[in-house]
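Notes follow the structure.
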Amino acid sequence: MGMTITEKILAAHSDRDAVRPGDYILADVDLCMGNDITAPIAIEEFERAGFQQVWDPARIALVPDHFTPNKDIKSAGLAKKLRLFAAKHKIAHYWEVGRVGIEHVLLPEQGLVAPGELIIGADSHTCTYGALGAFSTGVGSTDLAACFATGKVWLRVPGSLRFVLRGKLPRWVGGKDLILYTIGRIGVDGALYKAMEFCGPAIASLPMDERFTMCNMAIEAGGKSGIIAPDQATRAYCEGRAQSPATIYQSDPDASYAEAFEWDVSGLSPQVSAPFLPSNSRPVEEFSEVEIDQVVIGSCTNGRLSDLRTAAELLRGRKAAPGVRLLVFPATQQVYLQALKEGLLEVFVEAEGAVSPPTCGPCLGGHMGVLAEGERALATTNRNFRGRMGHPGSEVYLCGPAVAAASAVTGRITHPEEVVSEEPPVTSERGKR
Amino acid sequence: MNGKCWKFGDDVNTDDITPARYLDTTDERELAAHCMEGADPEFVRKAHAGDLIVAGKNFGCGSSREHAPIAIKAFGIACVVAESFARIFFRNSINIGLPIAECPEAARQASEGDELEVDFKQGRIVNRTTGGTYSFPPFPEQLRRIIEAGGLMAFTRKLKGGEL
């Protein structure tokens, strides 16, 4: 019996020839990660247990990205705890504000993830790195503390779900729409304890940024991980970037899956998920009456360069509707700088949007865009739970960058086609028509 | 252990258990003071140490924040019984020693206020109010070793010390 890509990676990291779903393993970790919310608990647990030295300072990443730039005095204390621990233990991968970005965009961008690796992070969206053909999963703070000490993590080998996506994606439909659709089909616990393996022609033609978006939201279906087998696009992304060698695994033809799904996505509409679960996804056309107070473009899900390019394409020469607060969050300093060079930030500012430094801020109702009671946001983030972006009486709708940008222009949830089919926009280069 | 049960539905997420506005601390008493606040703002005033939380499917979904099981444990909840648990919440509970039991029938058939008795040795839940008796499978050997060591950090100390 063959193995899936996930089983192969887990076997290789636990000195076994083979593993099966349900096996418990104590696996060797290539990289572990924590942020300014989760790592402080890990640091306290590590120190309380009496450990003096970390297992390997080169394999630990500490990313102060959630409540930074420090939102208040207590959060500043959490960030300080990371800073002091990083200095004391000579942690190789620590970034201060001005260099830091959103963890799940930053780590791959900096080449800290290579295909075939095993990565854990005390953040649920750590499943993002599966886009590179790595096994990566979110864990808790105590798991991180134990990994600081030993470089190991206990794991139950997950069964795999296979998603074969066929067809050619229509314009304005991307990775975010595919994953919202998938979660809508299987539910928020449809992949509970499972690895979600994405493949098929629609995945093969999907750019890396959008593959990250898809694997990022595996957790919203309850998944342990999302994974896409490495191909030419993966190799191109890693070329000159990845700091460790790639190990390329592919699922065997006779690998066993808990369940397989096969969908043709050629006719898919851009998707929107209504409150209060990511699984409430339906075609954007069904939401055209929904008015919005705030649009957030960014996050570990959709704060990458291609997301900003898509948003700018729709916002160029247009303005956010009166009454709409448009917030744009480039996910890392590198994304920010490139967006600056390409004139994307200028587009957002001229559209009367506010551009923020990289932070997770509004996605979790932390800062930089918290909602008041009764307010409604449309966001390219990943969760629309009750109160997620602020007051328990506020609402979050989820979508991809194209729908977010188009909706910012109209003030209600809008198909991008509606905006582009209107009269051509005024462009700053050519002056006013 | 036995206590009065507080009933919640499916997909209770960690924002429900510990809203992000309380993530600015690692102090378990502070976290306990807001336990379940997103799902029921009155919870900390109504519930008492020794009570149980009983919920539907996918309890603890969403964010990995360990603050959520810490808040429940520090508040004094004796056990969480659910139809199923989200995986990060599950492992966090094992790691920090919050008793949890996955028992779909017991969870479905309990009503708020019922008196539940959970016996981990026997793998049995008795609903003293209705008389219903339910069994649930023991944790696998590997997890029992973590639980019996006193949580993941104690287990890790033993591992590093060569005792395991």
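In what follows, every chain begins at residue 1, and chains take the letters A, B, ... in the order their sequences are listed. Values in this document were obtained by computation on a predicted structure and should not be read as measured data.
Across Pro40(A), Gly387(A), Ala149(A), the residue that shares the most heavy-atom pairs under 4.5 angstrom with chain B is Ala149(A). Ranked by heavy-atom pairs under 4.5 Å with chain B, the list Arg48(A), Lys71(A), Arg386(A), Lys224(A) is led by Lys224(A). Of the listed residues (Ala146(A), Ala76(A), Ala42(A), Gly121(A)), the greatest number of heavy-atom pairs within a distance under 4.5 Å of chain B belongs to Ala146(A). Ranked by heavy-atom pairs shorter than 4.5 Å toward chain B, the options Ser124(A), Gly365(A), Gly138(A) are led by Ser124(A). With chain A as the partner, the residue from Thr14(B), Ile88(B), Ile96(B), Asp16(B) showing the most heavy-atom pairs under 4.5 Å is Ile88(B).
Of the two parts of Ile219(A), only the side chain, counted from C-beta on, holds a non-hydrogen atom closer than 4.5 Å to a non-hydrogen atom of chain B. Contact annotation for Leu23(B): both backbone and side-chain heavy atoms come within less than 4.5 Å of a heavy atom of chain A. With a threshold of 4.5 angstrom between heavy atoms, Asn95(B) approaches chain A through its backbone and through its side chain. The part of Leu78(A) that comes within reach of chain B is its side chain, from C-beta onward, which places non-hydrogen atoms under 4.5 angstrom from that chain. There is no contact between Glu28(B) and chain A, counting heavy-atom distances below 4.5 Å. Of the atoms belonging to Glu44(A), it is side-chain heavy atoms, and not backbone ones, that fall under 4.5 Å from chain B.
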- Show your reasoning for whether side chain to side chain contact (heavy atoms under 4.5 Å, CB included) applies to His67(B) and Ile37(A). CA-CA 9 Å; His67(B) 311 65; Ile37(A) 289 178; 3.5 Å; yes
- Pair Arg91(B)-Leu155(A), side chain to side chain contact (heavy atoms under 4.5 Å, CB included): steps then yes or no: CA-CA 9 Å; Arg91(B) 62 186 298 129; Leu155(A) 294 170; 3.8 Å; yes
- Under the side chain to side chain contact (heavy atoms under 4.5 Å, CB included) criterion, do Ile43(A) and Thr26(B) qualify, and how do the steps go? CA-CA 11 Å; Ile43(A) 291 167; Thr26(B) 60; over 6 Å; no
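Within 6.0 Å of the CG atom in Asp72(A), the count of heavy atoms belonging to other residues, nucleotides or ligands exceeds 12. Open room surrounds CD on Gln53(A); 12 or fewer heavy atoms of other groups in view lie less than 6.0 Å from it. Within 6.0 Å of NZ on Lys46(B) lie more than 12 heavy atoms contributed by other residues, nucleotides or ligands.
Distance CG/Leu277(A) to CG/Asn58(B): 9.0 Å, rounded to 0.5 Å. Atom CG of Asn13(B) is separated from atom CD of Glu220(A) by 9.5 Å, given to the nearest 0.5 angstrom. In this structure, CZ in Phe46(A) is found 10.5 Å from OG1 in Thr156(B), a value given to the nearest 0.5 Å. The CG atom of Leu152(B) lies 11.5 Å from the OG atom of Ser141(A); values are rounded to the nearest 0.5 Å. Here CG of Asp15(B) is found 12.0 Å from CZ of Phe276(A). Values are rounded to the nearest 0.5 Å. Here the straight-line distance linking atom CZ of Phe155(B) with atom CH2 of Trp154(A) works out to 10.0 Å at 0.5 Å rounding.
Of the possible donor and acceptor atoms, none in the side chain of Lys57(B) sits under 3.5 Å from a partner among the backbone N and O of Asp189(A).
Looking only at atom types and distance, the side chain of Ser63(B) has no donor-acceptor partner in the side chain of Arg383(A) under 3.5 Å away.
Here the closest heavy-atom approach between residue Tyr193(A) and residue Phe85(B) is recorded as OH-O, 3.1 Å. Taking each heavy atom of Ser84(B) and Leu192(A) in turn, the nearest pair found is OG-CD2, 4.1 Å. Considering all non-hydrogen atoms of both residues, Asp11(B) and Val188(A) come closest at OD1-CG2, 3.3 Å. Taking every heavy atom of both residues into account, Asp24(B) and Ser75(A) meet most closely at CB-OG, 4.1 Å. Between Ala49(A) and Met153(B), the closest heavy-atom pair is CB-CE, 3.9 Å. In plain terms, the two heavy atoms of Tyr24(A) and Pro140(B) that are nearest each other are OH-CG, 3.2 Å.
Screening Val139(A), Asp143(A), Thr142(A), Thr38(A) for a side-chain contact (heavy atoms from CB on, under 4.5 Å) involving Glu66(B) leaves a single residue, Thr142(A).
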